[in-house]
S.K.: 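The following block contains the structure, expressed as structure tokens.
Hydrogens, waters and symmetry mates play no part in the numbers below; they use all other heavy atoms, side chains included. Indexing begins at 1, ligand by ligand and atom by atom, following the structure's order.
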Amino acid sequence: MQNFDFNDDDDKKGKGKREGKALKEWDCPSCYANNPTDEPISEGEELRCNYCGNEFKTSFTDAGKLRLKEL
Ligand SMILES: [Zn+2]
């Protein structure tokens, strides 16, 4: 175990719930493919699966877990 001293001040945007760390990948609920993203995923973003082409809207749970709703 290591202690990392994260400096995540730059992702304070004052909207939605912060997740604690930037999430830069997601798993497609339709085909279960893992999709990496260039930008950290944010609340209310629309993501498209690179594999099956389905589109999803993101939201975060109170626990900071990513949820994907099919569009
Ligand atoms: Zn997919």
S.K.: Any heavy-atom pair between the side chains of Asn35 and Leu47 that's under 4.5 Å?
M.R.: no
S.K.: Distance from Asn34 atom CG to Cys28 atom SG, nearest 0.5 Å?
M.R.: 10.5 Å
S.K.: Using the test side chain to side chain contact (heavy atoms under 4.5 Å, CB included), find all partners of Arg48 that sit at least two apart in sequence or belong to another chain.
M.R.: Glu55
S.K.: Which residues satisfy the side chain to side chain contact (heavy atoms under 4.5 Å, CB included) test with Glu70, sequence neighbours excluded?
M.R.: Ser30, Asn54, Phe56
S.K.: Which protein N, O or S atoms does the Zn ion (ligand 1) have within a distance shorter than 2.8 Å?
M.R.: Cys28 SG, Cys31 SG, Cys49 SG, Cys52 SG
S.K.: Are side-chain heavy atoms of Leu68 and Thr58 found at a separation under 4.5 Å?
M.R.: yes
S.K.: Partners of Thr37 by side-chain hydrogen bond (donor to acceptor under 3.5 Å, both in side chains), sequence neighbours excluded?
M.R.: none
